[in-house]
Amino acid sequence: MKISIIIPFFNEEGNLEKLFEHLIKLEEAAEILFVDGGSTDGGVRLLSSMIANFGKGDGSMRLLRSPVRSRAMQMNFGAEHASGEVLLFLHADSILPCTAAEDIERALRRSPAGCFKLRFDSRNPLMLCCGRLSGFRVISRGIMFGDQGIFITKELFEKMGGFAKLPLMEDYDFSIRLKRRGIKPAMAESAIITSARRFEQNGILRTMFKMQKLQHAFRRGEDIDKIAAAYRGRDR
């Protein structure tokens, strides 16, 4: 089973070196596609240099330039160029477990789509609780979020038409569409570690409340552009 790891990014220079050092260990087991959305920092230059100097040079690790800056569209663009039977969508500030490939293979025996358990790189008890609630949400409601590392067979991803062209909550929408097909996602045995920076910068409880409020607005079918503007902290 060949896995294509697809990493959409924009201005992530501060995270790319750590991510690259981790992913290069998985190069034997996976194709790795970095998809830039038009970064203006030094991330693209740094990544290009690391791929040239440390990659195997066989195309198993590539940097792609998406024509559109949009996480959903960047992930779709990466999927179009992926050769793996399984697609794994990874945020640039997340770290996969070293057993990721084996854990995905086991999870896919139960369902054609799934995600990892979630841990944040923070010792704050609230973030520990947030990670556990993410796992409970997958089990009880079948809703996966992108920071959990969504994986899916390429065949099913293409049948679904990829991620919807949304400025936000493309992962939520994707999970809802899976549920409509009667597909319950499987959760891998291991955990992905993701950055708590968004919570710590804006206040943990405040960010949790804000995300719940925006998710509720999305479920009610409110204007997605208005929701995206509220997420970014500005008027439409």
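Within the 4.5 Å cutoff, the side chain of M208 has heavy atoms near those of the C130 side chain. Considering only heavy atoms from C-beta on, H91 stays 4.5 Å or farther from I192 through its side chain. Contact annotation: the side chain of K18 approaches that of I95 to within less than 4.5 Å [non-hydrogen atoms, C-beta and beyond]. A 4.5 Å side-chain heavy-atom check between L96 and H22 finds at least one atom pair inside the cut-off. At least one side-chain heavy atom of L178 sits less than 4.5 Å from a side-chain heavy atom of L156. Side-chain contact check for R65 versus L63: some heavy-atom pair is nearer than 4.5 Å. Q74 places none of its side-chain heavy atoms less than 4.5 Å from the side chain of V68.
No donor-acceptor pair under 3.5 Å is formed between the side chain of D36 and the backbone N or O of L64.
A donor-acceptor contact closer than 3.5 angstrom links the side chains of N11 and T40. In this model, no donor atom of one side chain and acceptor atom of the other lie less than 3.5 Å apart for S111 and K184. A side-chain N or O of S60 and one of D58 form a donor-acceptor pair less than 3.5 Å apart. S190 and D103 share a donor-acceptor pair across their side chains, judged by distance under 3.5 Å alone. Using modelled atom types and a 3.5 Å distance limit, the side chains of S175 and D171 yield no donor-acceptor pair.
Taking the six-membered ring for Trp and the full ring otherwise, the centers of F174 and F89 sit at least 6.0 Å from each other.
Atom-to-atom distance recorded for I152:CD1 and L108:CG is 9.5 Å, nearest 0.5 angstrom. Between the CZ atom of R62 and the CD1 atom of I51 there is a distance of 10.0 Å, given to the nearest 0.5 Å. Note that CE of M75 is 13.5 Å distant from CG of L33, once rounded to the nearest 0.5 Å. Atom CG of L205 and atom OG1 of T207 lie 9.0 Å apart (nearest 0.5 Å). Between E158 atom CD and T153 atom OG1 the span is 9.0 Å, to the nearest 0.5 Å.
In terms of heavy atoms, G114 sits closest to P185 at CA-CB, 4.0 Å. Across all non-hydrogen atoms, the minimal contact from S134 to L118 is OG-CD2, 3.5 Å. Of all heavy-atom pairs spanning A72 and A164, the tightest one is CB-O, 3.4 Å. Counting all heavy atoms, side chain and backbone alike, A30 lies closest to I5 at CB-CD1, 3.8 Å. Between M61 and I24, the shortest heavy-atom distance links the atoms CE-CA, 4.1 Å. Residue F77 comes nearest to H81 through the heavy atom pair O-ND1, 2.9 Å, listed as atom of the first residue, atom of the second, then distance.
Each ring pair (Phe, Tyr, Trp, His ring centres under 6.0 Å) pair with one or both residues in residues 104-151, not counting sequence neighbours, appears once here: F116-F151, F120-F199, F145-Y172. Counting only residues at least two apart or on different chains, the salt bridge (Lys or Arg N to Asp or Glu O under 4.0 Å) pairs with a member in residues 68-77 are R71-E170.
Enclosure of atom CD in E102 by more than 12 non-hydrogen atoms of other residues, nucleotides or ligands within 6.0 angstrom is indicated. By the 6.0 Å contact criterion, CZ on R110 is enclosed, its count of non-hydrogen atoms from other residues, nucleotides or ligands being greater than 12. Heavy atoms from other residues, nucleotides or ligands lying under 6.0 Å from CZ of R177 number more than 12. Within a 6.0 Å radius of NZ in K165, other residues, nucleotides and ligands contribute 12 heavy atoms or fewer. Within a 6.0 Å radius of NZ in K56, more than 12 heavy atoms belonging to other residues, nucleotides or ligands are found.
Taken together through direct or relayed side-chain contacts under 4.5 Å among Ile, Leu, Val, Met, Phe, Trp and Tyr, L87 and F34 form parts of separate hydrophobic clusters. Linking Ile, Leu, Val, Met, Phe, Trp and Tyr whenever their side-chain heavy atoms come within less than 4.5 Å leaves V35 and F10 in two separate clusters. Hydrophobic clustering (ILVMFWY, side-chain heavy atoms < 4.5 Å, transitive): F218 and L214 are in one cluster.
With respect to the salt-bridge test (charged N to carboxylate O, under 4.0 angstrom), the residues E31 and K154 do not qualify.
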Derivation and outcome, side chain to side chain donor-acceptor pair (under 3.5 Å), residues R137 and Q148: CA-CA 11 Å; R137 183 188 62 243; Q148 292 175 273; 2.7 Å; yes
